[in-house]
J.: 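Here's a structure for you.
Values in this document were obtained by computation on a predicted structure and should not be read as measured data. Counting convention: from 1, in listed order, for ligands and their atoms alike.
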Amino acid sequence: MIQSSMSALRPLRTLLFGEHYSLTRFCSGFVSRMRYINRLKENDAACLSALQNGHIFLFHRLIPLLQCSDPETFRPIALTYSEVQSVLHKCGSDGSLLKESILIGCSEQNHAQFCLDVGELDPAAIAQNCKGTFMDLRKAFFLLEGAEAPLVAKAQALLQWHQINRFCGATGQLTQRNQAGSQRACSSSSIVYYPKMSPVVIVLVSDGKRCLLGRQSSFPRGLYSALAGFCDMGETLEEALRREVAEEVGLEVQNIIYSSSQHWPFPHSSFMLACHATVSPAHSQLNVDHLELEDARWFTEEEITCALQTGAACRAS
Ligand SMILES: NC(=O)c1ccc[n+]([C@@H]2O[C@H](COP(=O)([O-])OP(=O)(O)OC[C@H]3O[C@@H](n4cnc5c(N)ncnc54)[C@H](O)[C@@H]3O)[C@@H](O)[C@H]2O)c1
Ligand SMILES: [Mg+2]
């Protein structure tokens, strides 16, 4: 009975997932990778062994090493442990730096992935030996392959967190990291520190026909964005959203709908929570706080479509 219902499902499976679909592999691959990463965070010896068989992405003072396949596409360079060891030796390091690698994930081929900042070494020599180029992440972010941008962003965020959290806030003593780099602990206070993200709400406000975008004076010329702001301690997502829109443009929003979330590495890790919200057309008069925003305006769908298509600055009439 079970067998016959399974075979009845086969055409549907093939339709959904293709000829090579395997239920066992499809379900267990993700689960086993997540459990593997979790185990590496808790077991220093297992993590060290995974590093020796894993892939390592290099950074220099938080700038990722990338390979440019064509002017529009960049990819991070995945090096093996022995490749990094050889590059470090050529650049005058004894290789002990490798132990400072930080776990960032696990590839679909089950290779543990790590990042390492070689900030003390000559970047030109490293780049030449690896046939890559160090490129500021802000410039490279939108040129990276879809799945690789979040991995590089996560790596940079973790490296930065370790660099600025070397001391315990309670005792002033140096903290020690675990092998995976998923935490730092102070042996005097027993406080364990975990990588931190600040929750930020970002909201597209609509009056039914137009949507509201604003710009800070620090934005590149012509760039407008949905309104955003940090959540305060004790606030819900909805409270933070209502407060930010009220502060920045003087409107009271309704009908808040959560849309999606994203880690944002700049300048220090934020956890962006994206929402939609509305105001009634009768209450859409803006009262911009110019200490926070240089400008905020209502834009029609045609204006936004045109700006996105041409890549030009989005200008209101
Ligand atoms: N439209 C946007 O502004 C936009 C778009 C994409 C990403 N972001 C990200 O969202 C973040 C927040 O947006 P914003 O700058 O408009 O926020 P905001 O409107 O809350 O104003 C920033 C100010 O909030 C204060 N603040 C409160 N909590 C803070 C914290 N945890 N970290 C730093 N500052 C804190 C500081 O005084 C800071 O100057 C930005 O740093 C940026 O990385 C914003
Ligand atoms: Mg803001």
J.: Is atom 5 (C) of ligand 1 touching the protein, meaning some protein heavy atom lies under 4.0 Å away?
T.: yes

J.: When you compare the side chains of His162 and Arg184, does any donor N or O come within less than 3.5 Å of an acceptor on the partner?
T.: yes

J.: Would you compute the distance between atom CG of Leu144 and atom CZ of Phe74 and round it to the nearest 0.5 angstrom?
T.: 8.5 Å

J.: Taking the basic N atoms (NZ, or NE/NH1/NH2) and the acidic carboxylate oxygens, is any pair closer than 4.0 Å for Arg210 and Asp207?
T.: yes

J.: Are there more than 12 heavy atoms of other residues, nucleotides or ligands under 6.0 Å from atom CZ of Arg138?
T.: yes

J.: Which is it for Phe219 and ligand 1 at heavy atoms under 4.0 Å: side chain, backbone, both or neither?
T.: side chain

J.: Can you confirm whether the side chains of His263 and Ser269 place a donor and an acceptor under 3.5 Å from each other?
T.: yes

J.: May I ask you to decide whether Glu145 forms a salt bridge with Arg75, counting only side-chain N to carboxylate O separations under 4.0 Å?
T.: no

J.: Determine, using ring centers only, whether Phe299 and Tyr224 are less than 6.0 Å apart.
T.: yes

J.: Just one of Leu151, Ile37, Leu103 clears the side-chain contact (heavy atoms from CB on, under 4.5 Å) bar with Gln113, so which one?
T.: Leu151

J.: For atom 10 (O) of ligand 1, which protein heavy atom lies nearest, and how many Å away is it?
T.: Val200 CG1, 3.5 Å

J.: With heavy-atom distances below 4.0 Å as the criterion, list the atoms of ligand 1 near Ala226.
T.: 1 (N), 2 (C)

J.: Taking the basic N atoms (NZ, or NE/NH1/NH2) and the acidic carboxylate oxygens, is any pair closer than 4.0 Å for Arg243 and Glu247?
T.: yes

J.: With only distance considered, is Ile202 within less than 3.5 Å of ligand 1 through an N or O on each side?
T.: no

J.: Under 3.5 Å, is there a donor-acceptor pair between the Ser280 and His283 side chains?
T.: yes

J.: Taking only heavy atoms of Gly229 into account, list the atoms of ligand 1 that are under 4.0 Å away from them.
T.: 17 (O), 18 (P), 19 (O), 20 (O)

J.: Under 4.0 Å from atom 38 (C) of ligand 1, is there at least one protein heavy atom?
T.: no

J.: What protein heavy atom lies closest to atom 14 (P) of ligand 1? Include the residue and the distance to one decimal.
T.: Gln216 NE2, 3.7 Å

J.: Hey, does Arg215 sit under 4.0 Å from ligand 1 if you only count heavy atoms?
T.: no

J.: Thinking salt bridges, do Asp295 and Arg297 make one under a 4.0 Å N-O criterion?
T.: yes

J.: If you have a sec, work out which protein heavy atom is nearest atom 21 (O) of ligand 1 and how many Å separate them, to one decimal?
T.: Glu292 OE1, 4.2 Å

J.: Check whether any N, O or S atom of Leu293, backbone or side chain, sits closer than 2.8 Å to the Mg ion (ligand 2).
T.: no

J.: Does the protein place any heavy atom closer than 4.0 Å to atom 8 (N) of ligand 1?
T.: yes

J.: At a non-hydrogen distance cut-off of under 4.0 Å, which region of His268 contacts ligand 1 (side chain, backbone, both, or neither)?
T.: neither

J.: Are any of the N or O atoms of Ala228 closer than 3.5 Å to those of ligand 1?
T.: yes

J.: Geometry only, no angles: is Ser270 polar-contacting ligand 1 at N/O separations under 3.5 Å?
T.: no

J.: To check your reading of the model: name the closest protein heavy atom to atom 31 (N) of ligand 1, its residue, and the distance in Å.
T.: Ser198 OG, 3.4 Å

J.: Regarding ligand 1, does Met272 bring an N or O atom to under 3.5 Å of one of the ligand's N or O atoms?
T.: no

J.: Numbering the atoms of ligand 1 from 1, which are under 4.0 Å from a heavy atom of Ser225?
T.: 1 (N), 2 (C), 5 (C)

J.: Run the numbers for me: atoms of ligand 1, each under 4.0 Å from some heavy atom of Phe266, listed by number.
T.: 43 (O)

J.: Taking distance alone, with N or O pairs closer than 3.5 Å, would you say Glu248 contacts ligand 1?
T.: yes

J.: State yes or no: are the ring centers of Trp264 and Phe141 separated by less than 6.0 Å?
T.: yes

J.: Does the N or O separation between Phe230 and ligand 1 drop below 3.5 Å for any pair?
T.: yes

J.: Within this structure, what is the CG-CG distance for the pair Leu212 and Leu204, rounded to the nearest 0.5 Å?
T.: 8.0 Å

J.: By atom name, which N, O or S atom of Glu248 is the nearest to the Mg ion (ligand 2)?
T.: OE2

